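Worksheet: the structure to be examined is printed underneath.
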Amino acid sequence: AFSFDDKLIVTVCQDKIVRIWETQSGQLKHTLEGHQGSVEYSCFSADGNRVVSASGDKTTRIWDTQSGKVLSEFRFNSLASSCDFTPHSFN
């Protein structure tokens with residue numbers, strides 16, 4: 001998923017890692033590790049300062065895109081089928 005300003009892209013895959021890339025240079029900005037299952041979904045907040053990821057380990061995490069640190073983790077009884085921010089999230 002691209003950030004709203006198109007400066008970053010977030011990728012996820014079965015290796016349990018979320019990666020944030022700079023689109024112009026193609027450089028890896030952050031490797032976000034901590035999920036115990038494959039990561040299925042991710043997206044940016046409207047301001048680009050946060051990423052949410054949903055994993056097969058039945059957790060969803062909110063990450064800070066500047067530091068790469070986990071801000072929040074949510075545990076569920078079943079797998080998430082999507083994730084998203086509302087337009088007014090964290091404003």
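All of these numbers come straight from a predicted model, not from anything done at the bench. The first residue in the sequence is number 1, and the count goes up from there.
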Exercise. Can we say Arg61 and Asp57 salt-bridge, meaning some charged N sits less than 4.0 Å from an Asp/Glu carboxylate O?
Worked result: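 Looking at Arg61 and Asp57, the cut-off is not met.
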Donor-acceptor pair, distance only, cut-off 3.5 Å: does the side chain of [X] make one with the backbone of [Y]?
| X | Y | result |
| --- | --- | --- |
| His35 | Ala54 | no |
| Ser3 | Phe44 | no |
| Thr59 | Arg75 | no |
| Ser72 | Ile62 | no |

Between [X] and [Y], is any pair of side-chain heavy atoms under 4.5 Å apart?
| X | Y | result |
| --- | --- | --- |
| Lys58 | Leu79 | yes |
| Glu22 | Leu8 | yes |
| Tyr41 | Val52 | no |

Let me confirm one number: the [atom1]-[atom2] distance from [X] to [Y], rounded to the nearest 0.5 Å.
| X | Y | atom1 | atom2 | value |
| --- | --- | --- | --- | --- |
| Lys29 | Ile20 | NZ | CD1 | 7.0 Å |
| Cys13 | Glu40 | SG | CD | 10.0 Å |
| Ser55 | Ile17 | OG | CD1 | 11.5 Å |
| Asp15 | Thr31 | CG | OG1 | 9.5 Å |
| His30 | Ser67 | NE2 | OG | 6.5 Å |
| Lys7 | Thr23 | NZ | OG1 | 9.0 Å |

For this session: Could you pull out the closest heavy-atom pair between Asp84 and Cys43, with the gap in Å?
Result: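 What the structure gives for the nearest pair is CA-SG, 3.4 Å.
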Exercise. For the residue pair Gly48 and Thr65, what are the closest heavy atoms and their distance?
Worked result: O-OG1, 2.8 Å
Look at the side-chain heavy atoms of Ile, Leu, Val, Met, Phe, Trp and Tyr, link any pair under 4.5 Å apart, and say whether [X] and [Y] land in one connected group.
| X | Y | answer |
| --- | --- | --- |
| Val51 | Leu71 | no |
| Val70 | Val10 | yes |
| Leu28 | Phe2 | yes |
| Val12 | Ile9 | no |

